[in-house]
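Each remark here refers to the structure printed beneath this line.
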Protein chains: 2
Amino acid sequence: MTEIEESIAEESPDVAHDIPDIVIGRLPIYLRALMRMVEEGDKVTTSSQELGDRLGVSSAQIRKDLSLFGDFGKQGTGYHINYLVQQLQRILKLDREWPVAMVGAGFLGHALANYGGFKNRGFRVAWIFDNDPETVGQKIGGIMVRHVDGLERVLRREKVQIAMLAVPATAAQELADRLVASGVRAILTYAPISINVPEGVKVQYSDPVAQLQRMTFYLDV
Amino acid sequence: MTEIEESIAEESPDVAHDIPDIVIGRLPIYLRALMRMVEEGDKVTTSSQELGDRLGVSSAQIRKDLSLFGDFGKQGTGYHINYLVQQLQRILKLDREWPVAMVGAGFLGHALANYGGFKNRGFRVAWIFDNDPETVGQKIGGIMVRHVDGLERVLRREKVQIAMLAVPATAAQELADRLVASGVRAILTYAPISINVPEGVKVQYSDPVAQLQRMTFYLDV
DNA sequence: CACCAATCGTGTAACATTTCACAATTGTAG
DNA sequence: CTACAATTGTGAAATGTTACACGATTGGTG
Ligand SMILES: NC(=O)c1ccc[n+]([C@@H]2O[C@H](COP(=O)([O-])OP(=O)(O)OC[C@H]3O[C@@H](n4cnc5c(N)ncnc54)[C@H](O)[C@@H]3O)[C@@H](O)[C@H]2O)c1
Ligand SMILES: NC(=O)c1ccc[n+]([C@@H]2O[C@H](COP(=O)([O-])OP(=O)(O)OC[C@H]3O[C@@H](n4cnc5c(N)ncnc54)[C@H](O)[C@@H]3O)[C@@H](O)[C@H]2O)c1
């Protein structure tokens with residue numbers, strides 16, 4: 001009975017946090033497709049079947065995933081698109097705008113800082129840091145590039161929780177450490193190297209070469 | 001007995017293709033870490049334990065993954081780094097240089113075309129296509145941007161199997177169709193939209209926003 | 001040359017995820 | 001008001017993945 005108590009013990013106010021991470025990873029994909037449906041504007045509801053066909057996943061998977069968070073659909077009708085978008089945004093905590101810090105203002109940093117795709121999807125690049133004297137002081141996408149020396153001070157003051165890392169591989173671990181020490185809890189890194197972070201900090205990787213390498217296995221000759 | 005014959009029927013000359021895709025996805029990560037060890041140059045061998053510690057995966061997982069392809073290690077000693085790099089490159093068909101076509105020469109296309117990280121990891125951006133008259137004819141990273149009208153002709157002639165797609169979401173599906181029709185079998189796309197391709201064509205997605213959205217779930221407040 | 005620490009490869013058990021399949025519900029058309 | 005087609009949510013079965021744990025082998029040390 002002690003065991004039962006323990007297993008009940010830790011859960012968030014909203015929904016239990018024993019949701020498989022693999023499910024969480026699919027929700028943004030569902031959300032992306034649903035928002036596109038909203039844009040298309042040609043219908044009010046959709047079904048797990050229709051959504052699954054678009055995304056290449058089974059309708060059962062979509063229903064099961066969503067059912068972990070609540071009963072969002074209606075038998076015979078399906079899901080109300082706007083309502084489901086809202087619910088997914090709430091679940092993923094996207095019903096607000098997260099300020100993001102960008103470290104590294106090279107080629108990639110420039111492209112990302114100018115990228116219009118963050119808006120309306122829950123994020124805003126709010127600070128950019130670099131250590132190159134030539135780059136510091138410039139404006140990119142309307143944001144002044146600050147010297148990386150001030151990183152800790154700014155991030156701690158502003159309580160920044162999310163950062164993107166676009167520095168050379170050699171600098172990535174050190175900067176990840178500094179980000180974590182400054183309170184960052186989620187890092188999206190583009191450096192082609194695995195970084196180590198303490199428990200409780202999330203890391204996502206974006207390495208186009210690794211992604212290509214994952215596909216060549218299946219090619220002939 | 002017919003069933004047994006059938007199950008034996010399809011396998012590649014080298015290694016059976018019933019390797020889980022999730023394993024294939026980890027091999028580039030192993031390879032990346034091993035190549036870094038080569039660069040560091042401070043040792044000749046490594047162990048599944050050491051590699052696992054670096055990457056945050058269990059040593060057993062690494063051993064099991066590798067054992068699907070052969071016996072590459074030696075008890076008591078571990079794995080010879082250079083040899084394992086070679087074997088992974090062979091398995092992933094990276095013991096050659098794959099020419100890659102890039103479609104879309106905007107902000108992101110520029111960053112990617114100038115990116116030095118493809119070299120030595122098995123790829124070379126060899127063609128760039130765009131439909132903007134201002135952009136066509138320019139050189140990016142030493143490569144002339146061609147008009148997208150010539151895409152089919154060039155890709156078919158050169159037997160290009162891999163492409164990167166960096167065009168607006170609205171154009172992505174149409175261009176994916178054209179790539180597939182031109183013989184491309186592997187697509188890395190940056191457009192924030194799911195694309196549909198026929199059986200046998202691999203797609204990898206890179207959507208930084210989706211990656212960030214996958215992490216906010218775990219943040220507080 | 002005997003011992004030992006290090007380490008692999010792997011069968012099996014444990015755990016995780018997906019698929020199946022169906023009762024229940026809904027809205028619509030006759 | 002009834003019949004029916006569409007569709008959900010979900011328990012159970014099937015499938016897939018990871019972790020455990022150990023025999024076997026290696027190279028080094030005394
Ligand atoms: N360019 C691409 O298309 C691309 C694609 C995928 C991954 N990447 C990776 O992303 C990272 C950045 O790529 P890039 O092409 O923008 O490189 P880049 O050299 O153009 O930019 C790197 C930037 O980081 C800055 N920097 C270096 N050390 C720093 C430090 N200690 N503190 C703060 N800033 C520092 C540099 O001043 C520079 O502005 C690299 O790891 C690269 O491998 C790049
Ligand atoms: N910029 C970023 O950091 C970033 C990051 C992630 C994803 N993305 C995505 O990558 C894609 C490209 O982003 P971008 O910032 O480079 O946009 P961009 O507008 O700068 O570039 C798009 C390019 O595609 C070309 N194009 C448009 N239609 C075309 C067609 N039919 N045929 C050939 N070329 C065509 C345009 O001429 C332009 O050069 C977008 O889908 C964007 O959402 C961009």
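Note on naming: letters A, B, ... go to the chains in the order of the sequence lines (proteins, then strands), and numbering restarts at 1 for each one.
- Nearest to the side chain of B:Arg26, among D:dT18, D:dT26, C:dT18, sits D:dT18.
- Note on A:Ser58: a side-chain N or O is less than 4.0 Å away from OP1 or OP2 of C:dT19.
- Residue B:Ser48 is in sugar-phosphate contact alone, with no base atom involved, counting any heavy-atom pair closer than 4.0 Å across all strands shown.
- Look at CG on B:Leu68: it is 16 Å from P on C:dC8, rounded to the nearest Å.
- Among the heavy atoms of the strands lying under 4.0 Å from B:Ile22 are primed sugar atoms or P, OP1, OP2 only; no base atom is included.
- B:Gln211 places a side-chain N or O within donor-acceptor distance of the main-chain N or O of A:Tyr205, the cut-off being under 3.5 Å.
- If you take NE2 of A:His80 and P of D:dT8, they are 15 Å apart, rounded to a whole angstrom.
- One can place CD of A:Gln49 at 15 Å from C1' of D:dG9, the figure rounded to the nearest angstrom.
- The CG-C1' distance, from B:Leu51 to C:dA6, rounds to 16 Å in whole Å.
- The distance from atom CG of A:Asp53 to atom P of D:dT7 is 11 Å, rounded to the nearest whole Å.
- B:Asp21 places its CG atom 16 Å from the C1' atom of D:dT15, with the value rounded to the nearest Å.
- For C:dT18, neither phosphate oxygen OP1 nor OP2 lies less than 4.0 angstrom from any side-chain nitrogen or oxygen of A:Arg63.
- Rounded to an integer number of Å, the gap from NZ of A:Lys64 to P of C:dA21 is 14 Å.
- Side-chain atoms of B:Lys93 come within 3.5 Å of backbone atoms of A:Leu219 as a donor-acceptor pair (strictly under, hydrogens ignored).
- Salt-bridge formation is not detected for the pair B:Glu40/B:Arg36: no Lys NZ or Arg NE/NH1/NH2 atom is positioned less than 4.0 Å from an Asp or Glu carboxylate oxygen.
- Remark: the A:Gln75 side chain and the D:dT7 base include no donor-acceptor N/O pair separated by less than 3.5 Å.
- Distances shown here put every side-chain N or O of A:Tyr79 at or beyond 4.0 Å from the OP1 or OP2 atom of C:dT26.
- For the residue pair B:Asp65 / B:Gln61, no side-chain donor-acceptor distance below 3.5 Å is found, with atom types taken as modelled.
- Of all nucleotides listed (C:dC8, D:dT10, C:dG11), D:dT10 comes nearest to the side chain of A:Asp71.
- Toward the 5' end of DNA chain C, the nearer of the two residues B:Gly76 and B:Phe72, judged by each one's closest nucleotide, is B:Gly76.
- Taking only side-chain atoms of A:Ala60, from C-beta outward, the nucleotide of D:dT8, D:dG9, C:dC20 with the closest atom is C:dC20.
- What separates CD1 of B:Ile62 from P of D:dC20 is a distance of 15 Å, to the nearest Å.
- One finds a side-chain N or O of A:Gln61 lying less than 4.0 angstrom from the OP1 or OP2 phosphate oxygen of C:dT18.
- Along DNA chain C, the nucleotide nearest to A:Val23 and the one nearest to B:Gly73 differ in position, and the one closer to the 5' end is contacted by B:Gly73.
- Contact of the B:Val160 side chain with the B:Ser182 side chain is not registered, since no non-hydrogen atoms from C-beta on lie closer than 4.5 Å.
- A sub-4.0 Å separation between OP1 or OP2 of C:dG27 and a side-chain N or O of A:Lys74 is present.
- The shortest distance between the side-chain N/O atoms of B:Thr77 and the OP1/OP2 oxygens of D:dG27 is not below 4.0 Å.
- The closest donor-acceptor contact from the side chain of A:His110 to the backbone of A:Ala105 lies under 3.5 Å.
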